[in-house]
There are 2 protein chains.
Amino acid sequence: MSYEIEQLLNKHGVKPTPQRAVIAEYLMSTMSHPTADEVFQAVENKLPVSLSRATVYNTLNTLVEKGVIREVVTEAGKARYDANISDHHHFVDLETGQVMDVPLEEIGNLPIIQPKFMDGSFEVQNFQITFFGKRK
Amino acid sequence: MSYEIEQLLNKHGVKPTPQRAVIAEYLMSTMSHPTADEVFQAVENKLPVSLSRATVYNTLNTLVEKGVIREVVTEAGKARYDANISDHHHFVDLETGQVMDVPLEEIGNLPIIQPKFMDGSFEVQNFQITFFGKRK
DNA sequence: TATGTATTTAGACTAATTCTAATCCGAGAA
DNA sequence: TTCTCGGATTAGAATTAGTCTAAATACATA
Ligand SMILES: [Mn+2]
Ligand SMILES: [Mn+2]
Ligand SMILES: [Zn+2]
Ligand SMILES: [Zn+2]
């Protein structure tokens with residue numbers, strides 16, 4: 001496994017194993033916001049041993065918990081995974097389902113929105129904007 | 001079934017049946033953004049006949065297609081339904097899972113955000129903001 | 001009344017994810 | 001070195017959310 005991936009996992013307190021490394025490496029390499037099944041298909045032949053779907057799910061959950069990646073939910077029934085943990089939002093192409101990053105600059109560096117929620121009795125920790133549309 | 005529900009369904013081109021009426025009535029009565037299963041449990045005993053889960057799913061899908069209600073997705077693996085079709089956003093209490101409305105006034109009547117997306121090659125049709133946080 | 005179409009139903013089916021129990025692996029202890 | 005033990009991985013079963021199928025029902029109109 002590459003030194004960078006090993007460092008990244010160690011930095012977040014995740015023991016680097018070959019399975020975790022290929023999954024993290026794949027997520028770092030793509031902008032496609034893949035589902036668990038897409039991750040499985042992309043990496044299953046990159047290991048000398050067989051890879052279990054349970055390991056893919058375990059690893060994705062661990063990486064999310066430890067802050068290595070983010071989970072992105074844009075439609076019912078499927079979770080997507082994103083190695084881009086910088087503050088950004090998402091655009092969903094309604095025709096293809098493709099999920100794309102919307103960096104903060106693209107929306108004019110919108111300041112953190114802090115709704116005065118329910119008379120201030122709730123506090124917002126973060127928020128996610130999902131744009132839906134299509135190619136012109 | 002109440003005259004108002006009958007009118008609402010007719011207005012949207014949905015033939016009012018007893019099953020559709022109790023489901024729509026329940027959604028109009030609650031602010032809880034229930035899942036399909038919560039809808040099923042809330043209404044199953046409000047009819048003289050047995051209610052099929054398939055009818056609940058069929059009805060929710062029909063009501064969404066015809067614009068009577070909205071689907072709201074705040075977490076992986078479950079769709080929620082919302083009879084509030086006015087333009088608004090959502091807050092998710094991370095401790096309880098509760099989903100609450102965030103009217104536009106609460107976020108300062110934020111103007112429609114139109115990201116200059118990918119050099120203007122995509123157009124945004126709508127967007128939704130999901131806030132995550134907890135009770136203070 | 002006869003017919004046709006939409007709706008509802010129970011249950012089979014599928015897809016996504018989690019769980020289980022057995023095996024595997026590797027870092028430190030003996 | 002070998003032992004040991006906890007964490008990681010595995011195959012497959014189980015669960016959950018949702019869709020599909022085929023039959024029965026309801027209802028509008030001819
Ligand atoms: Mn998935
Ligand atoms: Mn549901
Ligand atoms: Zn992203
Ligand atoms: Zn709402």
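A, B, ... follow the sequence lines: proteins, then strands. Residue 1 opens every chain.
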Check every atom of [options] against the side chain of [X] and return the nucleotide holding the closest atom.
X       : options                : result
A:Gln19 : D:dA11, D:dT9, C:dT17  : D:dT9
B:Ala79 : D:dT10, D:dG18, C:dG11 : D:dG18
A:Thr59 : D:dT9, C:dT9, D:dT10   : D:dT9
A:Ser52 : D:dT9, C:dT8, D:dA11   : D:dA11
B:Arg20 : C:dT8, C:dT9, D:dT10   : C:dT8

Around atom CE of B:Met31, are there more than 12 heavy atoms of other residues, nucleotides or ligands at under 6.0 Å?
no
Tell me which of A:Val49 and B:Val14 sits closer to the 5' end of DNA chain C, going by the nucleotide each one is nearest to.
B:Val14
Pick the closest DNA chain C nucleotide for B:Ala76 and for B:Ala54 by heavy atoms, then say which residue is nearer the 5' end.
B:Ala54
Under 3.5 Å, is there an N or O donor on one side and an acceptor on the other linking the side chain of A:Thr17 and the base of D:dA8?
no
Candidate list B:Val64, B:Val72, B:Ile23, test side-chain contact (heavy atoms from CB on, under 4.5 Å), partner B:Tyr81, passing option
B:Val64
Look at the side chain of A:His88 and the backbone N and O of A:Asp101, then say whether any donor-acceptor pair between them is shorter than 3.5 Å.
no
Whole angstroms only, please: what is the [atom1]-[atom2] distance between [X] and [N]?
X       : N      : atom1 : atom2 : result
B:Glu75 : C:dT17 : CD    : P     : 12 Å
B:Lys15 : D:dT25 : NZ    : P     : 17 Å
B:Arg80 : D:dG18 : CZ    : C1'   : 16 Å
B:Glu65 : C:dT7  : CD    : C1'   : 15 Å
A:Arg53 : D:dA13 : CZ    : P     : 15 Å
B:Asn61 : C:dA6  : CG    : P     : 18 Å
B:Leu51 : D:dA24 : CG    : C1'   : 16 Å
B:Ile23 : C:dT9  : CD1   : C1'   : 13 Å

Does a side-chain N or O of [X] approach OP1 or OP2 of [N] to a distance below 4.0 Å, or not?
X       : N      : result
B:Tyr57 : D:dG18 : yes
A:Thr35 : C:dA16 : no
A:Asn58 : D:dG7  : no

Would A:Asn10 and A:Glu6 satisfy side-chain hydrogen bond (donor to acceptor under 3.5 Å, both in side chains), going step by step from the backbone distance to the final call?
CA-CA 6 Å; A:Asn10 278 324; A:Glu6 193 170 342; 4.5 Å; no
Charged N to carboxylate O below 4.0 Å: is that the case for A:Arg80 and A:Glu71?
no
